Amino acid sequence: QVQLVESGGGSVQAGGSLRLACVASEYIANISKAWFRQAPGKEREGVAAIDTDGPSYYADSVKGRFTISQDNAKRTVYLEMNSLKPEDTAMYYCAARWVGGGRLSPGAYRYWGQGTQVSVSS
């Protein structure tokens with residue numbers, strides 16, 4: 001069982017930046033990782049995903065603004081978020097071990113973190 005712990009959330013003004021980090025309890029270089037978010041009253045949605053050999057995937061709403069990356073030595077996956085908008089406000093979750101389906105589908109990952117809150121004010 002892989003434990004995932006997110007950090008880096010906070011409150012920023014529109015146009016600002018945040019960097020989220022997700023640290024795993026064990027080696028995760030050989031499994032896919034992803035970031036999801038869920039706003040109040042909305043379904044959880046995929047934001048970005050990265051495969052073991054590097055290819056990454058992004059939701060249309062964040063392309064060009066968010067970047068997913070990984071540091072295998074630190075067992076960490078990052079989400080760099082720039083040009084933040086109020087509609088980016090949500091709880092952000094880290095997920096790992098893709099088990100099938102779309103890379104940005106919530107049902108496609110086995111392990112989940114507890115989330116970190118991101119709030120963007122206008």
Side-chain angles (χ1 to χ4, degrees):
Q1 183 80 9
V2 176
Q3 306 295 323
L4 303 172
V5 179
E6 304 96 334
S7 63
S11 297
V12 297
Q13 290 190 327
S17 299
L18 284 173
R19 187 192 197 201
L20 306 183
C22 171
V23 180
S25 58
E26 57 187 74
Y27 182 76
I28 57 170
N30 58 338
I31 60 176
S32 296
K33 282 79 73 176
W35 285 95
F36 289 78
R37 66 186 181 186
Q38 188 167 17
K42 294 188 177 181
E43 295 185 352
R44 189 169 297 190
E45 63 173 350
V47 175
I50 188 166
D51 283 345
T52 57
D53 52 354
S56 54
Y57 311 83
Y58 295 93
D60 288 342
S61 59
V62 306
K63 281 181 181 177
R65 300 189 298 122
F66 291 11
T67 302
I68 189 171
S69 62
Q70 56 190 342
D71 185 332
N72 293 326
K74 295 182 178 179
R75 294 178 279 113
T76 302
V77 58
Y78 301 97
L79 184 68
E80 185 78 33
M81 306 186 296
N82 298 312
S83 301
L84 282 162
K85 304 175 181 180
E87 50 263 44
D88 294 319
T89 295
M91 184 71 78
Y92 282 71
Y93 298 91
C94 176
R97 190 175 290 284
W98 176 71
V99 295
R103 286 294 194 279
L104 298 181
S105 171
Y109 293 86
R110 178 172 298 176
Y111 304 119
W112 291 84
Q114 295 299 307
T116 185
Q117 179 67 41
V118 172
S119 298
V120 184
S121 60
S122 57

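Everything numeric in this text was worked out from a predicted model, so none of it was measured.
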For [Y], is there any backbone N or O sitting under 3.5 Å from a side-chain donor or acceptor partner on [X]?
X      : Y      : value
Gln114 : Val5   : no
Gln3   : Ser25  : no
Glu6   : Gly115 : yes
Gln70  : Ser32  : no
Lys33  : Ile31  : yes
Arg97  : Arg110 : no

Reported [atom1]-to-[atom2] distance for the pair [X] and [Y], which is rounded to 0.5 angstrom:
X      : Y      : atom1 : atom2 : value
Glu45  : Ser105 : CD    : OG    : 12.5 Å
Ser119 : Leu18  : OG    : CG    : 9.5 Å
Asn82  : Thr67  : CG    : OG1   : 6.5 Å

Practice problem: For the residue pair Phe36 and Tyr109, categorise the inter-ring angle as parallel (less than 30°), tilted (30 to 60°) or perpendicular (more than 60°). | Solution: perpendicular

Practice problem: For the pair Phe66 and Tyr92, name the ring-plane relationship: parallel under 30°, tilted 30 to 60°, perpendicular over 60°. | Solution: tilted

Practice problem: May I ask whether Leu4 and Tyr78 are part of the same hydrophobic cluster, defined by side-chain heavy atoms of I, L, V, M, F, W, Y residues being less than 4.5 angstrom apart, directly or through others? | Solution: no

Self-check item: Connected via hydrophobic side-chain network under 4.5 Å: Leu79 and Trp112
Solution: no

Taking the side chain as C-beta and beyond, is there a heavy-atom pair between [X] and [Y] under 4.5 Å?
X      : Y      : result
Trp35  : Met81  : no
Thr89  : Gln117 : yes
Asp51  : Tyr57  : yes
Val77  : Cys22  : yes
Arg37  : Leu20  : no
Leu104 : Tyr58  : no

Where do [X] and [Y] come nearest, in terms of heavy atoms and distance?
X     : Y      : value
Ala90 : Ala39  : CB-N, 3.8 Å
Ser17 : Ser83  : OG-N, 4.3 Å
Pro86 : Ser122 : CG-CB, 3.9 Å
Ser56 : Ile68  : CB-CG2, 3.8 Å

Quiz item: Taking it one step at a time, do Asp88 and Lys85 satisfy salt bridge (charged side-chain N to carboxylate O under 4.0 Å, His left out)?
Solution: CA-CA 5 Å; Asp88 294 319; Lys85 304 175 181 180; over 6 Å; no

Exercise. Give a yes or no on this: more than 12 heavy atoms of other residues, nucleotides or ligands lie within 6.0 Å of atom CD of Glu26.
Key: yes

Self-check item: More than 12 heavy atoms from other groups under 6.0 Å of CD on Glu87
Solution: yes

